[in-house]
Every structure is written in structure tokens, then in C-alpha cells.
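All chains are named by letter (A, B, ...) in the order of the sequence lines, taking the proteins before the strands, and each is independently numbered beginning at 1. What you see is a predicted model; the values in this text were computed from it and never measured.
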Amino acid sequence: SQTIHQWPATLVQPVGSPLSLECTVEGTSNPNLYWYRQAAGRGLQLLFYSVGIGQISSEVPQNLSASRPQDRQFILSSKKLLLSDSGFYLCAWSGFRNSPLHFGNGTRLTVT
Amino acid sequence: AQSVTQLGSHVSVSEGALVLLRCNYSSSVPPYLFWYVQYPNQGLQLLLKYTSAATLVKGINGFEAEFKKSETSFHLTKPSAHMSDAAEYFCAVSGETSYDKVIFGPGTSLSVIP
């Protein structure tokens, strides 16, 4: 069966520090991969999606970047965190077009 | 562009009462529609999905949703609420783009009163 791993579960970082969140998927090949952010009390905002290795599309211009160095690995990064980067970050995968998304357990990021 | 609205950011029901969570969508193509549930500090779990096979869709945990094209709605219902149903519920739509861009509604927080 397919599983998705996302870490760390919680993270507290000072303003201006770098960020690296990692997500890996097991049990499937060539998944579509996504990063979402969920601000407190708000819905989900799609940040990045990827349909293959090295193929990253950004939905909103911001202080973050994403990379997909391997088929089932998706990394969210920042060189310098802002206070506004605080939130709940969710990684997800899907198997084919218009299929449901499968989410990781999320990373709670607090920028202080 | 596709969009989703969910009427009511907070809904409270008594245990055993009917649960009705509203979702309306806009789409220029036949949509794929989903309901997800999120428990505190967790990711989202799929409750059910509509993919044009049947207008009444049954999901997990006793939930179901009905697709009404004329009303552009996909409301979620459950006949009898349980305490364990307390969570955040998200409606989502996809299908308009050539890639899997899923648009989520703002969510509805469901409280169940004992």
C-alpha cells in the first residue's frame, strides 16, 4: 500500500533562518506531488506541484521554493523565513489526473 | 477558473441530529468533486468523491453527498451525528486544468453537542 511521510511534525524557527521540509511517498511510482499551506483558521493554499522529477510549478510568488530530486521525494525550502511563513504545511500526492489527494500528517511551522 | 464556497464556517449539531454541510462550486467543465475531513493537527482524509458515475455518492463513516448540477452544489450529509464527527470539513473541485490542480473551499468546522 501507498504511504506518505512528512517531517518534522513541528518546527520553531527564527526569522531569517533557512527552512527545509521533506516529504517522501512509498508504494507508488511517478506520483503527482503537492505542497499546501494552511494558515490558522483558513483553507488550503496550493504552493507548489510537481508532475515529475525536476518539474516544479509555483502557484503563488513567495519566499518559498520546492524541489523534486527523486521521483518520490518533494522538498520545500526557504533561504530566509518570514513571520508570515508560519502555518501548517501539508504534502500530498495523487496517482493520476483528478484522482483524490493523499495527505501527509503535516508540519506545524512557527516562525518567531 | 474553478472555485468552491462553503456556507457556514462553523456548524453545530446535537449528537444524533442530521449533519448538513453546504458546498457550491463553479466550473467551466464537468467537475470532479471531493469532500475531505481534517482532525486537529492531522492531514486531510478523503471522505468521498464524485466523478460523474452517480449523483449520490456514499463515503466513509456514514457520510454521503449529492451532486446537483442545476444548483452547482455538492452538499455533505449524515443522518445522525456522532461525537467523533467533530472536525474540519473541506469541499474541493478539480478537472478544469491539464494537471491535477485541486481547489479547496475554506472549510467548515463541525461541532457535535452531547
Side-chain angles (χ1 to χ4, degrees), chain A residues 2-11 21 23-25 28 30-52 55-60 68 74 87-110, chain B residues 1-10 21 23 25 27 29-53 57 59-60 63 65 67 74 87-109 111:
Chain A
Q2 302 91 355
T3 56
I4 179 169
H5 303 281
Q6 189 180 342
W7 68 92
T10 60
L11 191 60
L21 302 181
C23 171
T24 59
V25 180
T28 186
N30 196 31
N32 295 324
L33 295 172
Y34 309 82
W35 279 111
Y36 283 88
R37 178 169 59 199
Q38 187 177 24
R42 300 178 64 180
L44 283 80
Q45 179 187 34
L46 178 62
L47 301 176
F48 301 95
Y49 70 92
S50 171
V51 298
Q55 301 178 58
I56 309 295
S57 295
S58 173
E59 281 296 303
V60 289
R68 185 171 178 174
F74 206 24
F88 193 49
Y89 288 82
L90 290 160
C91 181
W93 72 272
S94 67
F96 49 88
R97 186 181 175 190
N98 296 316
S99 62
L101 297 177
H102 305 274
F103 286 85
N105 285 328
T107 295
R108 175 80 56 194
L109 173 66
T110 303
Chain B
Q2 291 178 316
S3 66
V4 177
T5 57
Q6 293 182 242
L7 184 62
S9 59
H10 294 90
L21 304 182
C23 171
Y25 70 91
S27 178
V29 301
Y32 291 79
L33 294 160
F34 310 86
W35 274 101
Y36 290 85
V37 61
Q38 183 182 32
Y39 298 101
N41 295 313
Q42 293 186 24
L44 280 71
Q45 303 172 30
L46 180 70
L47 273 178
L48 49 81
K49 61 181 179 181
Y50 167 76
T51 56
S52 77
V57 182
I60 62 172
F63 284 94
F67 172 70
F74 190 56
E88 190 86 17
Y89 292 81
F90 293 93
C91 182
V93 64
S94 71
E96 195 170 74
T97 57
S98 59
Y99 57 92
D100 273 338
K101 182 173 181 176
V102 179
I103 305 299
F104 284 85
T108 296
S109 178
S111 298

Visitor: Which value, rounded to the nearest 0.5 Å, describes the distance between A/Leu46 atom CG and B/Phe104 atom CZ?
Guide: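 Result: 9.0 Å between the selected atoms.
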Visitor: Nearest 0.5 Å please: distance from the CG atom of A/Leu44 over to the CD1 atom of B/Ile103.
Guide: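 Nearest 0.5 Å value for the CG-CD1 distance: 11.0 Å.
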Visitor: Indicate yes or no: at least one non-hydrogen side-chain atom of B/Tyr32 is less than 4.5 angstrom from one of A/Ser99.
Guide: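 The answer is no, as the side chains (C-beta and beyond) never meet within the 4.5 Å cut-off.
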Visitor: Measure A/Gln6 against the heavy atoms of chain B and call it side chain, backbone, both or neither at under 4.5 Å.
Guide: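 Neither part.
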Visitor: First locate atom CZ of A/Phe103, then atom CG of B/Leu46, and finally report the distance between them rounded to the nearest 0.5 Å.
Guide: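 A/Phe103 atom CZ to B/Leu46 atom CG measures 9.5 Å (nearest 0.5 Å).
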Visitor: Using 0.5 Å steps for rounding, measure from the OH atom of B/Tyr39 to the CG atom of A/Asn105.
Guide: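 Separation between the atoms: 13.5 Å.
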Visitor: So, for B/Val102 and A/Tyr36, which heavy atoms are closest and what is the spacing to 0.1 Å?
Guide: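 Shortest heavy-atom contact: O-OH, 3.3 Å.
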Visitor: Of the non-hydrogen atoms in B/Gly43 and A/Leu90, which two are nearest, and what is the gap between them?
Guide: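 Here B/Gly43 and A/Leu90 meet closest at CA-CD2, 3.7 Å.
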Visitor: To the nearest 0.5 angstrom, please state how far the CG atom of B/Leu44 sits from the CD atom of A/Gln38.
Guide: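 Going from the CG atom of B/Leu44 to the CD atom of A/Gln38 covers 6.5 Å.
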Visitor: Where on B/Gln38 is there a heavy atom nearer than 4.5 Å to chain A: the side chain, the backbone, both, or neither?
Guide: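 Interface part for B/Gln38: side chain.
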Visitor: With chain A as the partner, which of B/Gln45, B/Lys49, B/Gln42 has the greatest number of non-hydrogen pairs under 4.5 Å?
Guide: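 Result: the option with the highest number of such pairs is B/Gln42.
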